[in-house]
Amino acid sequence: MLRLAGQRGVSRPAYGAIRVGASINDSASPGTIGGGNPSLKPEYTWGVDASLEYYLPGNGMISIAGFHRWVDNVLYQSQQVVGSDFYDIGGIDRSDYLLSGTYNGKSGRLYGVEFNLLKQFDFLPEALDGLGFQGNVTLLDGNFDTPAQQNIAFQGMSKTIANASLFYEKYGISARVSYQWRSHWLDTLGGMGSGEYRQGYENLDVSLRYALNDNLTLFADLANLTDETY
């Protein structure tokens with residue numbers, strides 16, 4: 001099955017990002033200000049998507065999918081020097097304070113490809129044919145411009161993400177062991193070209209379900225068994 005799609009989207013800023021108000025800390029050195037940006041514009045995208053899917057005999061699927069997005073007015077979080085007397089209240093010069101908030105960038109593009117495999121092992125003996133595997137690998141890239149910088153990575157975007165799950169679904173039992181790994185990503189953008197990155201991490205989760213009857217299910221979820229921090 002071949003799928004092709006076009007896309008037009010709009011993403012409005014979060015309410016907290018456009019609030020009128022600020023929190024000023026005069027005791028830090030330099031001082032800091034955190035506040036909203038009422039002049040933010042919505043983020044607009046044009047995009048194309050394509051996928052090729054092959055359904056395996058029995059129960060399963062192999063697919064590859066790709067996408068490309070052209071983005072205008074990119075929303076991003078940053079910390080910049082105020083550079084004006086806008087916050088100079090009570091005779092205090094705050095022009096060199098660091099202002100944290102959300103801003104509009106210029107144009108950008110975001111693109112990627114995903115490989116996916118799903119297969120239930122229905123060729124196994126009856127007691128085991130509820131076993132299956134699902135996995136995918138996603139490769140991402142993209143960048144955008146700000147008034148002061150060019151070719152900045154999208155915040156929160158890992159260039160590589162991998163997921164794998166081994167599951168069993170039969171006799172009222174639903175059990176799944178899931179693994180995820182993602183590479184490092186840009187978290188905070190500084191106003192002078194610097195940025196704070198988050199280190200990539202791996203994660204292991206387990207989910208167990210048993211349906212006692214049509215109305216009652218017992219479950220247990222075990223999260224972050226690898227005790228990852230970031």
Side-chain angles (χ1 to χ4, degrees), residues 1-11 14 45-69 71 110-142 153-187 197-230:
M1 179 177 291
L2 175 64
R3 302 177 188 267
L4 299 172
Q7 180 266 354
R8 173 61 165 165
V10 56
S11 176
T45 59
W46 287 100
V48 292
D49 299 83
S51 67
L52 181 63
E53 305 164 3
Y54 175 68
Y55 292 86
L56 301 172
N59 188 356
M61 180 184 72
I62 299 175
S63 70
I64 178 173
F67 76 93
H68 196 294
R69 296 286 185 272
V71 191
L110 180 66
Y111 49 91
V113 60
E114 181 184 62
F115 305 89
N116 186 65
L117 170 64
L118 169 64
K119 178 59 181 174
Q120 190 160 346
F121 304 146
D122 46 13
F123 53 85
L124 293 176
E126 182 178 358
L128 299 176
D129 62 5
L131 280 170
F133 172 83
Q134 181 175 10
N136 62 70
V137 176
T138 303
L139 306 177
L140 298 168
D141 206 349
F154 279 86
Q155 291 170 309
M157 182 195 71
S158 293
K159 289 195 172 184
T160 305
I161 302 173
N163 296 276
S165 295
L166 186 65
F167 61 85
Y168 183 85
E169 305 276 350
K170 198 168 185 180
Y171 305 124
I173 299 173
S174 176
R176 182 177 294 266
V177 179
S178 301
Y179 171 85
Q180 181 192 64
W181 175 83
R182 64 180 296 186
S183 61
H184 69 277
W185 71 94
L186 177 65
D187 183 66
Y197 282 81
R198 294 288 186 180
Q199 182 178 344
Y201 67 89
E202 58 183 356
N203 194 66
L204 185 68
D205 300 327
V206 173
S207 175
L208 303 172
R209 301 284 189 277
Y210 179 65
L212 295 176
N213 52 50
D214 292 340
N215 301 309
L216 184 61
T217 298
L218 300 178
F219 70 91
D221 292 320
L222 297 85
N224 191 24
L225 296 181
T226 50
D227 195 23
E228 288 293 316
T229 59
Y230 66 91

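A quick note: this is a predicted structure, and the numbers were derived from the prediction, not measured.
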Stepwise side chain to side chain contact (heavy atoms under 4.5 Å, CB included) check, Asp205 with Asn203: CA-CA 7 Å; Asp205 300 327; Asn203 194 66; 3.0 Å; yes
Take Phe67 and Arg69, measure what side chain to side chain contact (heavy atoms under 4.5 Å, CB included) needs, and give me the verdict at the end. CA-CA 7 Å; Phe67 76 93; Arg69 296 286 185 272; 4.0 Å; yes
What orientation do His68 and Tyr111 show, parallel under 30°, tilted 30 to 60°, or perpendicular over 60°? parallel
If only atom types and distance count, is the side chain of Lys119 paired as donor or acceptor with the main-chain N or O of Ile62 below 3.5 Å? no
Is it true that Thr45 and Gln7 share a donor-acceptor pair across their side chains at a distance under 3.5 Å? yes
Minimum heavy-atom distance between Ala211 and Thr217, given as atom pair plus value: CA-OG1, 3.9 Å
Minimum-distance pair of heavy atoms, taken over all atoms of Trp181 and Glu202: CD1-CB, 4.0 Å
Kindly list each side-chain donor-acceptor pair under 3.5 angstrom involving residues 160-169, sequence neighbours excluded, with atom names and distances?
{"residue": "Asn163", "atom": "ND2", "partner": "Asn136", "partner atom": "OD1", "Å": "3.2"}
{"residue": "Ser165", "atom": "OG", "partner": "Ser178", "partner atom": "OG", "Å": "3.0"}
{"residue": "Tyr168", "atom": "OH", "partner": "Ala127", "partner atom": "O", "Å": "2.7"}
{"residue": "Glu169", "atom": "OE1", "partner": "Ser174", "partner atom": "OG", "Å": "3.2"}
{"residue": "Glu169", "atom": "OE2", "partner": "Ser174", "partner atom": "OG", "Å": "2.9"}

If you compare all heavy atoms of Trp185 against all heavy atoms of Met157, which two are closest, and at what distance to 0.1 Å? CB-O, 3.4 Å
Dump the intermediate steps for side chain to side chain contact (heavy atoms under 4.5 Å, CB included) on Asp141 and Lys159, then the final yes or no. CA-CA 6 Å; Asp141 206 349; Lys159 289 195 172 184; 3.5 Å; yes
Hey, mind stepping through Tyr55 and Glu53 against side chain to side chain donor-acceptor pair (under 3.5 Å) and telling me if it holds? CA-CA 6 Å; Tyr55 292 86; Glu53 305 164 3; 2.8 Å; yes
Identify the two heavy atoms, one from Gly58 and one from Asp122, that lie closest to each other, and give their separation to 0.1 Å. CA-OD2, 3.3 Å
After noting the C-alpha distance and the side-chain angles of Gln134 and Arg176, does the key distance pass the side chain to side chain contact (heavy atoms under 4.5 Å, CB included) rule? CA-CA 10 Å; Gln134 181 175 10; Arg176 182 177 294 266; 3.7 Å; yes
Ignoring hydrogens and geometry, is there a side-chain-to-backbone donor-acceptor pair from Gln120 to Asp129 under 3.5 Å? yes
Can you establish whether the number of heavy atoms outside Phe123 located under 6.0 Å from its atom CZ is more than 12? yes
Write down the atom of Leu208, the atom of Ala175, and the distance for their closest heavy-atom approach. CD2-CB, 3.8 Å
